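Because the structure is predicted, anything quoted here is derived from the model rather than measured.
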Amino acid sequence: MPGERNEDPRVRAYERAQTVIGTERARTLRDASLRAAALTRRGLSEARALTVLRQAGMIDLNPATAGAELRAFSELGQLGAPVKIAALKHGHRIGLIDELGSLSFAELNARAESLAATLARRGIDHSSCVGILCRNHRGFLDITFAGARLGARLLYLNTDFSGPQLRDVCAREGVSLLVHDEEYAEVLEGIDLPQGRVLAWSDQPAADPGDTLEDLIRAGQGLPTPPPPRRHAKVVLLTSGTTGTPKGAPRSSSRSLAPVGAMLSKVPYRAEEVTYLAPPMFHGVGYSQMLLSVSLGCTLITERRFDAERVLAAITAHHPTALVVVPVMLRRILGVLERSLNRYDLSSLRIVFVSGSALEPELVRRAQVSIGHVLYNFYGSTEVAYATFATPADLAAAPGCAGRPPFGTIVRLYDADDRPVRGAGRVGRIFVGNSFQFEGYTGGGHKDVIDGLMSTGDLGHFDVDGRLWVDGRDDDMIVSGGENLFPGEIEELLATHPAVEEAAAVGVEDPEYGKRLAVFVVLRPEGQISEDGVRAFVKANLARFKVPRDVIFLGELPRNPTGKVLKRRLRELHDERIGG
């Protein structure tokens with residue numbers, strides 16, 4: 001960055017050489033030096049990742065398994081290999097506990113092999129796109145690992161999408177085969193696919209289920225194992241798509257150890273432990289944590305629908321070391337804990353991994369009281385993958401922060417004119433550089449890129465200790481009467497009121513000021529506060545221009561399946577109740 005001293009000795013050598021051999025020759029040396037420095041940094045990141053993965057128990061030097069692990073990664077890639085390796089190293093250990101019971105890693109691997117053999121006979125291969133519309137259960141893992149063994153493109157569909165959205169996405173992505181839960185059969189009507197549909201889960205025996213995953217797995221038992229695919233599988237995750245057609249964000253199988261090493265350098269997962277996974281696995285957080293759990297040989301506990309009391313009962317019964325949630329799930333878990341003191345045993349938890357939306361400081365403080373200092377806040381996006389991690393130490397010192405980048409990752413702020421923003425507290429657009437970003441939207445287009453760094457679409461600032469804070473989406477900032485308002489500041493304040501469970505703020509049209517602030521408030525059980533009380537509380541703590549004009553009470557905030565508040569729906573509710 002301009003004004004910063006580069007400590008790389010090769011660059012300093014260039015500066016000395018410039019006075020001796022001339023500008024053109026020096027420029028050539030400088031370019032070569034910087035390229036060499038970049039390669040050195042990449043090599044150091046891979047070496048550090050290898051060390052971290054060994055410490056976590058993901059990689060060992062046991063000659064009995066090392067060769068087989070390398071072959072699996074070479075043949076099946078980062079997505080197809082984990083369950084095969086887990087079966088080699090942890091075969092008899094329980095790999096999954098869902099509502100149908102438990103499966104060992106050996107059984108998970110055998111199911112993937114059998115399903116892949118059947119699908120191969122049906123023509124699914126590296127040129128196919130397999131759509132997956134499933135909740136969290138064994139069928140999700142079955143089709144994921146079977147499809148990866150065939151090198152297919154795996155498209156993970158949001159269970160909240162409407163029929164038109166699903167039709168548009170399946171047509172755009174060229175879906176050959178769709179694997180789905182029975183509850184989505186009606187919304188899938190009218191979607192014709194070359195390879196048809198396969199039922200993954202049914203609550204009740206269907207009169208005419210057609211093909212089911214269990215049928216295909218049984219049919220594949222004893223069939224020859226398909227040869228390694230011509231190319232490794234590719235994953236397509238989708239943007240939220242609350243209106244219009246969701247965008248596809250593809251990502252190829254990475255050959256780098258850095259992405260996993262970066263996470264494990266900040267979050268102390270260890271091999272052969274137990275993880276309860278609550279968020280949907282079609283979303284980036286749930287998907288990545290599922291894959292990490294299998295890669296570490298950790299038992300994965302999951303259920304199709306989130307219920308805070310069932311989660312707490314499962315933690316008490318199975319003693320997981322890690323719990324993965326999004327903030328709204330954490331809020332509901334804490335609500336149960338605060339009403340049911342000493343009913344549940346959470347002493348086994350070393351890690352509560354939180355991601356998916358903003359983590360309010362007040363929620364962090366409540367968690368520290370009820371669960372302990374075990375929270376890890378992850379910030380990233382579908383497009384950039386990972387950006388920063390806040391450890392328990394970070395959250396103790398600065399509740400609500402997004403933390404710091406792991407090794408091999410750059411996070412930088414830019415202003416509206418694409419100039420770097422420097423200095424503690426100064427807000428800018430957040431850009432990230434790492435080794436695992438997406439490849440551009442499948443329907444065309446890309447995120448903004450500056451200096452090789454990719455936009456997250458968020459605004460943020462760094463504090464004096466170098467921790468990142470996310471202030472909100474760059475399109476959520478409200479300009480009212482010439483003043484800039486960030487909804488997150490009002491939301492975080494209202495969450496501290498003893499009567500308020502949660503709140504959301506949006507900008508709505510105003511004929512005089514252009515925009516004005518409206519807040520939507522969910523009260524705690526027995527909580528009482530009036531509209532004027534909300535305004536008075538904000539006025540007593542923030543600047544006058546941040547006091548909301550409109551206050552609307554709701555029983556709950558509208559959210560998508562990953563817990564993000566649907567602010568477009570809030571604006572619609574405002575227009576229905578109050579108008580412009």
Side-chain angles (χ1 to χ4, degrees), residues 267 276 278-279 285 306-309 311-312 315 322-341 344 346 349 351-380 388-403 458 460 463 467-473 476 486-505 519-527 529 534 537-538 541-542 554-560 562-567:
V267 188
Y276 189 105
V285 175
F306 172 80
D307 179 88
E309 291 191 9
V311 171
L312 290 168
I315 294 172
L323 168 66
V324 183
V325 289
V326 297
V328 65
M329 293 175 175
L330 178 62
R331 183 186 304 280
R332 291 172 184 171
I333 287 170
L334 293 176
V336 174
L337 288 175
E338 290 163 352
R339 294 191 299 271
S340 309
L341 294 177
Y344 299 101
L346 275 63
L349 291 176
I351 299 166
V352 176
F353 187 92
V354 187
S355 185
S357 58
L359 182 60
E360 296 170 351
E362 183 63 19
L363 194 59
V364 173
R365 286 187 279 266
R366 288 172 62 191
Q368 289 166 343
V369 171
S370 294
I371 305 176
H373 289 265
V374 293
L375 244 59
Y376 292 80
N377 186 22
F378 166 68
Y379 170 62
T388 58
F389 296 83
T391 65
D394 290 322
L395 295 172
C401 76
D458 292 323
D463 62 22
R467 301 184 189 91
L468 179 69
W469 293 77
V470 180
D471 297 308
R473 298 293 296 172
D476 276 352
F486 291 99
E489 185 180 13
I490 291 89
E491 294 166 354
E492 291 171 7
L493 172 66
L494 288 174
T496 67
H497 193 285
V500 175
E501 177 65 23
E502 57 182 339
V519 298
F520 297 78
V521 178
V522 177
L523 296 179
R524 292 188 179 188
E526 311 303 325
I529 187 173
V534 170
F537 183 67
V538 176
N541 290 276
L542 297 176
L554 297 175
E556 62 179 357
L557 298 178
R559 298 179 184 271
N560 66 15
T562 59
K564 290 185 178 179
V565 175
L566 301 176
K567 294 204 169 182

Legend entry - Residue pair Leu359, Leu375: steps toward the side-chain contact (heavy atoms from CB on, under 4.5 Å) verdict: CA-CA 11 Å; Leu359 182 60; Leu375 244 59; 4.2 Å; yes
Legend entry - Minimum-distance pair of heavy atoms, taken over all atoms of Glu491 and Ala505: OE2-N, 2.8 Å
Inset, instruction - Please round to the nearest 0.5 Å and tell me the distance separating atom CE of Met329 and atom CG of Leu334. - result: 13.5 Å
Inset, instruction - Under the side-chain contact (heavy atoms from CB on, under 4.5 Å) rule, what do Leu395 and Gln368 come out as? Steps first, then yes or no, please. - result: CA-CA 9 Å; Leu395 295 172; Gln368 289 166 343; 4.1 Å; yes
Legend entry - Minimum side-chain heavy-atom gap Val364-Asn377 below 4.5 Å: no
Inset, instruction - Look up atom CZ in Arg365 and atom CD in Glu360, then write down how far apart they are to the nearest 0.5 Å. - result: 10.0 Å
Inset, instruction - Give a yes or no on whether the backbone of Gly335 and the side-chain of Arg339 come within a donor-acceptor separation of less than 3.5 Å. - result: yes
Inset, instruction - Give, for atom CD of Glu362 and atom CD of Glu502, the distance between the pair rounded to the nearest 0.5 Å. - result: 13.0 Å
Legend entry - Non-hydrogen atoms of Val522 and Glu556 that approach each other most closely: CG2-CA, 3.8 Å
Inset, instruction - Take Leu323 and Ile333 through the side-chain contact (heavy atoms from CB on, under 4.5 Å) test and state the conclusion after the steps. - result: CA-CA 11 Å; Leu323 168 66; Ile333 287 170; 4.1 Å; yes
Inset, instruction - Would you check if Pro487 and Lys567 make a side-chain contact, meaning some heavy-atom pair closer than 4.5 Å? - result: yes
Inset, instruction - Provide the closest heavy-atom pair for Pro558 versus Leu554 in the form atom of the first, atom of the second, distance. - result: CD-CD1, 4.4 Å
Legend entry - Heavy-atom closest contact (Ser357 atom, Gly563 atom, distance): OG-O, 4.4 Å
Legend entry - Any side-chain heavy-atom pair of Tyr344 and Ile315 under 4.5 Å: no
Inset, instruction - Taking the side chain as every heavy atom from C-beta outward, state whether Ile371 and Leu330 have any atom pair closer than 4.5 Å. - result: yes
Inset, instruction - Kindly write out the residues that satisfy ring pair (Phe, Tyr, Trp, His ring centres under 6.0 Å) with Phe389, not counting sequence neighbours, or none if the list is empty. - result: Phe378
Inset, instruction - Side-chain contact test, heavy atoms from C-beta onward, threshold under 4.5 Å: evaluate it for Tyr376 versus Pro392 and give yes or no. - result: yes
Legend entry - Phe520: which of Leu557, Val565, Leu494 passes side chain to side chain contact (heavy atoms under 4.5 Å, CB included): Leu557
Legend entry - Spatial distance of atom CG (Leu493) from atom CG (Leu542) [nearest 0.5 Å]: 5.0 Å
Inset, instruction - Please identify each residue that fulfils ring pair (Phe, Tyr, Trp, His ring centres under 6.0 Å) with Phe537, with sequence neighbours left out. - result: His497
Legend entry - Closest approach of Ala390 to Cys401 (non-hydrogen atoms, all atoms of both residues): CB-O, 3.6 Å
Inset, instruction - Supply the atom-to-atom distance Asp471 CG to Glu492 CD, rounded to the nearest 0.5 angstrom. - result: 8.5 Å
Inset, instruction - Go through the steps for Asp463 and Trp469 under the test side-chain contact (heavy atoms from CB on, under 4.5 Å), then give the verdict. - result: CA-CA 7 Å; Asp463 62 22; Trp469 293 77; 3.0 Å; yes
Legend entry - Rounded distance (nearest 0.5 Å) linking atom OG1 of Thr388 with atom CG of Asp394: 9.0 Å
Legend entry - Minimum heavy-atom distance between Gly356 and Val285, given as atom pair plus value: N-CG2, 4.3 Å
